Participant: 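Below you will find the structure I want to go over with you.
Heads up: numbering here begins at 1 and tracks the sequence. When reading the values below, keep in mind they use all heavy atoms of this one structure, side chains included, and skip hydrogens, waters and symmetry mates. Because the structure is a prediction, the values reported are computed rather than measured.
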Amino acid sequence: MFRKIIPVAMLVFIFLCFPSFGKAAPKAKPVLKPIEIYINGQKVESDVAPIIVNDRTLVPLRVISENLGASVYWDNTQRMVRITTSTKTILLKINDKKAVINDREVVLDTPATIVKDRTMVPLRFIGESLGAEVFWDNAQRRVIITRFQPKVIDFSYEVVNGKPSVVLRGDSPLEYVTQPATSKNQIAIDIKGQMATEKNALYIYDDFIEKAIMGSIQQDPPVTRVVVDLKGGVPYEINRSEDKNTIIISFINTLSGVTVDSDDQRVTVNLVTTQPTKINYFFLSNPDRLVMDINDAVLSTSPPEIPRNNYIKEIRLGQFTVNPNTVRVVFDLKSDINYQVFQDKNNISVIFSKVNTVKRVNVESREESSSVRITASGEIGYEIKADKSNRQLKLVIAGVAIDKNLLEQETIDVNDGIVDYVDLKKVKGPKNYNLEVIINLSLFTSYELTTTPPSSEIELVIYKSPLQNKIIVVDPGHGGSDPGAEAGNVQEKNLNLDIALKLRDLLEQGGAKVLMTRDKDIFVNLYTRAGIANEVKADLFISIHNNAGSSGTSGTETLYYPEPEKKALALCIQKALVKSIGLPDRGIVERPGLVVTRETRMPSALAEVAFMTNQGDLSLLLTDEFRQKAAEGIASGIINYLTGRAD
């Protein structure tokens with residue numbers, strides 16, 4: 001028995017001393033592959049792989065940030081890292097859970113840390129702070145980051161800070177790079193983002209550009225290219241809005257030409273700017289010189305050659321100021337010279353000559369018009385200024401002598417139903433006298449200067465009808481494949497066209513020149529509608545529509561783009577239209593996004609006559625009498641605007 005016990009005791013001893021012999025060997029831990037980084041579907045290589053700390057994924061900051069379009073700066077003194085984009089600044093301090101985003105403090109689950117001389121930061125924090133979606137694929141051990149792609153959502157031609165501009169609006173900050181253009185008369189920029197608007201062309205044909213075209217040139221990542229065809233060597237500048245969501249290509253007015261004509265009697269200097277602008281001028285002595293400042297312009301021409309003459313020595317040109325831009329023109333004069341300055345749109349003329357005398361001012365009355373005729377001893381310059389609120393037209397004739405018998409008149413009584421009376425006013429200028437011929441009207445109305453300065457005869461024709469010779473574009477909303485609002489089998493486009501045609505007839509009866517954007521059932525692009533008015537340099541643009549809403553909503557409203565003259569026109573149309581048709585007055589409504597009122601460069605308004613979705617309004621709209629009243633109301637509103645009447 002003793003012999004049997006010894007082996008058993010030995011076995012127990014062995015198990016106690018070597019416990020591993022008594023159980024299965026442990027499984028070896030699997031070797032995990034390094035974490036991979038994918039940004040927008042592309043694998044991104046890094047010398048330091050992401051790590052997991054306290055169930056949080058930390059990623060190399062510089063690799064992630066720079067692949068998302070941010071810049072990274074390291075401050076070794078403070079052991080702080082700064083990440084910047086066009087709209088954000090992010091501050092992270094090593095081993096500190098507090099971070100700052102645009103001066104706003106946030107708290108992190110895990111602080112930034114240093115691994116192998118690389119700054120590692122929480123993945124979700126840095127990704128989402130830089131405008132990206134973040135996903136962890138545990139099966140693949142992948143960090144997947146998808147950057148939000150900006151979209152270009154609007155494309156327009158507007159006046160921004162007084163400058164004609166191509167405007168590109170995004171749903172988030174837009175980044176762009178300029179590209180080499182095919183000619184010096186083109187601008188090309190590539191925008192990092194998707195084109196998300198159906199508008200891809202602007203046909204402008206103004207003093208600055210011919211057209212602007214936008215198109216997608218790359219899908220992954222998306223890139224949108226914009227090409228602008230310029231008129232000549234037009235200078236421009238590219239800016240972004242404060243939130244970086246809008247790119248603005250602005251075109252700058254220039255002094256583009258200076259020419260000199262001379263004969264024995266006078267010297268005429270003609271200055272041409274790209275578009276009309278304000279000028280200021282003054283006379284300086286010792287030595288005598290005339291100084292002219294042309295506002296909102298840059299110099300784009302050289303001083304002209306001056307022929308032999310008795311009046312001016314030299315013309316000097318210079319860029320006097322920048323931001324705001326001012327061109328200064330200095331005329332160095334010979335002894336005791338008379339000068340006259342006048343401006344016609346973008347043409348400025350300065351005449352140096354002997355002093356001519358204004359001899360006579362007469363008013364000739366006719367049934368439909370009155371003519372103011374002015375006679376001088378020689379050719380003189382002049383300009384007209386209109387004052388609608390005071391019902392006045394003022395002819396300013398600079399640097400002239402005035403016949404003694406004429407000055408003794410002071411006032412010429414007329415009272416012919418168009419002109420009440422004419423005041424003659426002698427005004428001391430910096431060197432000579434100016435004559436102001438102030439025509440006081442019975443009602444502010446249309447007029448036409450039938451002579452061109454300089455001339456020895458001046459004729460100003462004032463018409464009885466405020467519509468005479470006015471160019472008015474009437475725009476029937478919708479058309480063709482675009483029916484507009486619908487109520488049963490009634491389509492808005494047909495109602496709009498009928499009211500517009502009736503309005504055309506009324507305006508033409510008053511002497512207006514009316515152009516329709518459509519006179520039949522066809523589709524017309526919104527930008528084409530505005531472009532028609534801009535191309536013919538219309539005086540007014542009126543768009544006709546009818547509304548849709550809940551069945552209980554009734555009434556009339558007029559929409560406008562937020563500019564003073566456009567608002568004034570909308571107010572006149574709204575008041576007269578409501579008075580004519582008798583529906584509830586819903587007032588005028590500011591609508592910055594309406595293409596036809598935003599893109600038109602003259603006073604414009606969009607009339608919403610009635611609600612097709614209201615049974616009462618619709619029953620009226622279906623009658624010819626009501627549609628005629630609507631046209632009459634809009635015509636009255638136009639006349640009230642042109643004459644300065646508020647009612």
Participant: Holding to side chain to side chain contact (heavy atoms under 4.5 Å, CB included), I want the full list of residues that pass it with Ile438, two or more places apart in sequence or in another chain.
Facilitator: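 Partners of Ile438 under the side chain to side chain contact (heavy atoms under 4.5 Å, CB included) test: Gln392, Lys394, Asp423, Lys425, Glu436, Asn440.
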Participant: Find out whether Asp229 and Ile187 are in side-chain contact, i.e. whether some heavy atom of one side chain is under 4.5 Å from a heavy atom of the other.
Facilitator: no
Participant: Do Asp190 and Gln179 get their side chains close enough for a donor-acceptor pair, meaning under 3.5 Å?
Facilitator: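 Looking only at side-chain atoms, Gln179 and Asp190 do form a donor-acceptor pair, the distance falling under 3.5 Å.
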Participant: Work out which heavy atom in Ala607 is nearest to a heavy atom in Leu577; give both atom names and the distance.
Facilitator: CB-CD2, 4.2 Å
Participant: Can I get a per-line list of side-chain donor-acceptor pairs under 3.5 Å for residues 309-319, giving both atom names and the distance, sequence neighbours left out?
Facilitator:
from   : atom 1 : to     : atom 2 : distance (Å)
Asn309 : OD1    : Tyr311 : N      : 2.7
Asn309 : OD1    : Ile312 : N      : 2.7
Asn309 : ND2    : Pro307 : O      : 2.8
Asn309 : ND2    : Ile312 : O      : 3.3
Tyr311 : OH     : Asp264 : O      : 3.4
Tyr311 : OH     : Gln265 : O      : 2.8
Arg316 : NE     : Asp332 : OD2    : 3.0
Arg316 : NH2    : Asp332 : OD1    : 3.0
Gln319 : OE1    : Leu299 : N      : 2.8
Gln319 : NE2    : Ala297 : O      : 3.2
Gln319 : NE2    : Thr321 : O      : 3.1
Gln319 : NE2    : Thr326 : O      : 3.2

Participant: Is any side-chain N of the basic residue among Arg366 and Glu364 closer than 4.0 Å to the acidic one's carboxylate O?
Facilitator: yes
Participant: Side chains of Glu457 and Thr375: donor-acceptor distance under 3.5 Å anywhere?
Facilitator: yes
Participant: Closest approach of Phe444 and Leu642, non-hydrogen atoms and distance?
Facilitator: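 So the minimum-distance heavy-atom pair works out to CD2-O, 3.3 Å.
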Participant: Return the set of residues passing side-chain hydrogen bond (donor to acceptor under 3.5 Å, both in side chains) with Ser455 (not counting sequence neighbours), or none when no residue passes.
Facilitator: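 Checked Ser455 against side-chain hydrogen bond (donor to acceptor under 3.5 Å, both in side chains); matches are Tyr382.
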Participant: Assess the side chains of Asp416 and Ser370: does a donor N or O sit below 3.5 Å from an acceptor N or O?
Facilitator: yes
Participant: Checking Ser250 now: which residues fulfil side-chain hydrogen bond (donor to acceptor under 3.5 Å, both in side chains) with it, not counting sequence neighbours?
Facilitator: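 Once residues adjacent in sequence are excluded, the partners of Ser250 under the side-chain hydrogen bond (donor to acceptor under 3.5 Å, both in side chains) criterion are Ser165.
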Participant: Would you say Lys388 has more than 12 foreign heavy atoms packed within less than 6.0 Å of its NZ?
Facilitator: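 Counting other residues, nucleotides and ligands, NZ of Lys388 exceeds 12 neighbours.
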Participant: Report, as yes or no, whether the 6.0 Å neighbourhood of atom NZ on Lys566 holds more than 12 heavy atoms from other residues, nucleotides or ligands.
Facilitator: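 Counting neighbours around NZ of Lys566, more than 12 heavy atoms of other residues, nucleotides or ligands fall under 6.0 Å, so yes.
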Participant: Applying side-chain hydrogen bond (donor to acceptor under 3.5 Å, both in side chains), name anything that partners Lys470, two or more places apart in sequence or on another chain.
Facilitator: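 Lys470 satisfies side-chain hydrogen bond (donor to acceptor under 3.5 Å, both in side chains) with no other residue.
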Participant: Does a donor on one side chain and an acceptor on the other come within less than 3.5 Å for Glu459 and Thr451?
Facilitator: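 There is no such pair (donor and acceptor under 3.5 Å, judged by atom type) between the side chains of Glu459 and Thr451.
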Participant: Just checking, any donor-acceptor pair under 3.5 angstrom between side chains of Thr268 and Asn270?
Facilitator: no
Participant: Should Glu599 and Arg529 count as an ion pair when the cut-off is N to O under 4.0 Å?
Facilitator: no
Participant: Are any of the side-chain heavy atoms of Met292 and Val350 separated by less than 4.5 Å?
Facilitator: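 Yes, their side chains come closer than 4.5 Å.
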Participant: Given the rule in the side-chain hydrogen bond (donor to acceptor under 3.5 Å, both in side chains) test, do Tyr641 and Glu565 qualify, once you have shown the distances and angles that lead to the verdict?
Facilitator: CA-CA 9 Å; Tyr641 171 77; Glu565 284 303 310; 2.4 Å; yes
Participant: Provide the full list of ring-ring contact (aromatic ring centres under 6.0 Å, His included) pairs with a residue in residues 345-380, sequence neighbours left out, each pair given once.
Facilitator: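 Applying ring-ring contact (aromatic ring centres under 6.0 Å, His included) to every pair that reaches into residues 345-380, excluding sequence neighbours, yields Phe331-Phe352.
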Participant: Can you give me the closest heavy-atom contact between Val474 and Leu507, atom names plus distance?
Facilitator: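 Minimum heavy-atom separation between Val474 and Leu507: CG2-CD1, 4.0 Å.
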Participant: Is any side-chain heavy atom of Lys359 closer than 4.5 Å to one of Leu406?
Facilitator: no
Participant: Report yes if the side chains of Thr301 and Ser256 come closer than 4.5 Å at any heavy-atom pair, otherwise no.
Facilitator: no
Participant: Which pair of heavy atoms, one from Leu168 and one from Val226, lies closest together, and at what distance?
Facilitator: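 Scanning both residues, the minimum pair turns out to be CD2-CG2, 3.5 Å.
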Participant: Checking side-chain polar atoms at under 3.5 Å, does Thr274 have a donor or acceptor matched by the opposite partner on Thr254?
Facilitator: yes
